[in-house]
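Keep in mind it's a predicted model, so treat the numbers as computed, not measured.
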Amino acid sequence: MFHTAANIPVSRAAGTAESIPAKNESTRLRLFCFHHAGGSAWSFSGWGQWLGRGVEVVPVSMPPRSAPAAGVPGAVSTMDDLVREVTSQLTPFLDEPYAFYGHSMGALVSYGVAQRHIAAGRRPPACFVAGAHRAPHVQAAPDLTVGLSDRASLELLLGLGGAGRLLRENPVRMRTVVQRLRDDLRVCGTYRHPEAGHRPLPCPVHVLRGSGDPLVPAADAEAWRVHAGGPFSFRTLPGGHFFNREHKDLFFAELGHILGAVEKRTV
């Protein structure tokens, strides 16, 4: 089952809440956060403290992803199915000012949700922020885990900054995370950008990239510009694919600046 949960604090972000509670009086903007491949809603632990009371961080806990043959109940196997399910579950909560942040795979999912939501004539996000992902129309990179053992796949994830020492030392958790990573990359590989029917997002679009990210060349990230129907910004921050974890002070200063401009418009 799909759930969303507010994360101030983030202890409820694991998908245990059936709905999002009413906003606090001090909250002016909800930030819906979409995690990277192999990640979870816990990827956004502590974000509420960094961004302050004016922004309510809402991590999106996606439905399970797996190959059709796996027979996982409620699982999706294509990007279209994933986007459709997430959009359906989020729609009741997107009637007030909100923003999207997606990291890596999450950027592609949040873009699809925004497009689907807007195409239905509903309220667009106040701003859209993509981190560590090429523009959706740019050809996808190959699945780097194809042919790799679980350990080699984990070493790749560790090399990108996406897992820690405790994960390496826990074989059971290692297999779980590696399988989730592979399932997510398989789903991402089914994405096909439509040649027609998608319009630029009618909101500010901001793109963040790590200077040492081996997966996202600067030109591929800056290509998001064609999907912006309003103001556009592109920033390269120090770090790799998970620059948001490596240099939290710089990352949250930049994200806070972006969201602060949105908050002023929603007052």
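- Here His35 contributes atom NE2 and Ser61 contributes atom OG; the two are 6.5 Å apart, rounded to the nearest 0.5 Å.
- Centroid-to-centroid, the aromatic rings of Tyr101 and Phe251 come within less than 6.0 Å.
- In the displayed structure, His137 atom NE2 is contacted under 6.0 Å by more than 12 heavy atoms of other residues, nucleotides or ligands.
- A donor-acceptor distance shorter than 3.5 angstrom exists from the side chain of Thr91 to the backbone of Thr87, with no hydrogens or angles considered.
- The distance between the ring centers of Phe100 and Tyr98 falls below 6.0 angstrom.
- For the atom pair CZ (Arg53) and CD (Gln49), the distance works out to 12.0 Å, reported to the nearest 0.5 Å.
- Residue Glu222 holds its CD atom at 10.5 Å from OG of Ser233, rounded to the nearest 0.5 Å.
- Two residues are said to be in side-chain contact when any heavy atoms from C-beta on lie closer than 4.5 Å; His247 and Asp249 meet this criterion.
- Here the rule is side-chain contact (heavy atoms from CB on, under 4.5 Å) with Phe234, and of Val205, Val207, Leu208 only Val207 fits it.
- With contacts defined as side-chain heavy-atom distances shorter than 4.5 Å, the pair Leu31/Glu56 does not qualify.
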Item to check | Trace of the side-chain contact (heavy atoms from CB on, under 4.5 Å) decision for Phe243 with Leu250 | outcome: CA-CA 9 Å; Phe243 59 87; Leu250 296 178; over 6 Å; no
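- A heavy-atom distance below 4.5 Å is not found between the side chains of Arg123 and Asp95.
- The main-chain N or O of Val216 is found under 3.5 Å from a side-chain atom of Arg209 such that the two form a donor-acceptor pair.
- Among residues two or more places apart in sequence or in another chain, the side-chain hydrogen bond (donor to acceptor under 3.5 Å, both in side chains) test is passed with Arg192 by none.
- Counting only heavy atoms from C-beta outward, the side chains of Leu108 and Val83 never approach each other to under 4.5 Å.
- Checking side-chain atoms of Ser45 against main-chain N and O of Trp42 turns up no donor-acceptor pair under 3.5 Å.
- Going from atom NE2 of His117 over to atom OG of Ser88 covers 11.5 Å, rounded to the nearest 0.5 Å.
- Scanning all heavy atoms of the two residues, the minimum distance from Met105 to Cys188 falls at CG-SG, 3.2 Å.
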Next on the checklist: Under the criterion side-chain contact (heavy atoms from CB on, under 4.5 Å), I'd like the reasoning laid out for Leu259 against Cys127: C-alpha separation, chi angles, the key distance, then a yes or no.
Outcome noted: CA-CA 8 Å; Leu259 298 178; Cys127 81; 4.0 Å; yes
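- In this structure the side chain of Phe93 never reaches within 4.5 angstrom of the side chain of Val58, judged on heavy atoms.
- Within the 6.0 Å centre-distance limit, the rings of His103 and Phe242 are counted as a close aromatic pair.
- Not a single donor-acceptor pair under 3.5 Å links the side chain of Thr236 to the backbone N or O of Gly210.
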Next on the checklist: What verdict does the side-chain contact (heavy atoms from CB on, under 4.5 Å) test give for Phe32 and Ser110, after you've listed the backbone C-alpha separation in whole Å, the side-chain angles of each residue and the deciding distance to 0.1 Å?
Outcome noted: CA-CA 9 Å; Phe32 290 84; Ser110 58; over 6 Å; no
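- Between Glu254 and Arg235, the shortest heavy-atom contact is OE1-NH1, 2.7 Å.
- Looking only at side-chain heavy atoms (C-beta outward), His227 and Pro200 stay at 4.5 Å or farther from each other.
- Of the charged side-chain nitrogens involved, none lies within less than 4.0 Å of a carboxylate oxygen, so that Glu96 and Arg30 do not count as a salt-bridged pair.
- Val86 and Met62 make their closest contact through CG2-CG, 4.4 Å (heavy atoms, listed as atom of the first residue, atom of the second, distance).
- Separation of atoms CG (Leu255) and NZ (Lys248) is listed at 13.5 Å; rounding is to 0.5 Å.
- Of the charged side-chain nitrogens involved, none lies within less than 4.0 Å of a carboxylate oxygen, so that Asp183 and Arg180 do not count as a salt-bridged pair.
- No path of Ile, Leu, Val, Met, Phe, Trp and Tyr side chains, each step under 4.5 Å between heavy atoms, connects Val138 with Val187, placing them in separate hydrophobic clusters.
- In this structure, Asp184 contributes its side chain and Gly38 its backbone to a donor-acceptor pair below 3.5 Å.
- At least one side-chain heavy atom of Leu90 sits less than 4.5 Å from a side-chain heavy atom of Val60.
- Here the shortest heavy-atom pairing between Pro125 and Ile118 reads CD-CD1, 4.1 Å.
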Next on the checklist: Walk me through whether Tyr111 and Phe34 qualify under side-chain contact (heavy atoms from CB on, under 4.5 Å).
Outcome noted: CA-CA 10 Å; Tyr111 172 75; Phe34 300 72; over 6 Å; no
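- Taking the side chain as every heavy atom from C-beta outward, His36 and Ser43 approach each other to under 4.5 Å.
- The line from CZ of Phe44 to CH2 of Trp50 is 16.0 Å long, rounded to the nearest 0.5 Å.
- One hydrophobic cluster, built from ILVMFWY side chains closer than 4.5 Å, holds both Val262 and Phe252.
- For the pair Trp224 and Ala107, the tightest heavy-atom approach, listed with the atom from each and the gap, is CH2-O, 4.1 Å.
- The minimum heavy-atom distance between Pro238 and Ser211, with the atom names listed, is CA-OG, 3.6 Å.
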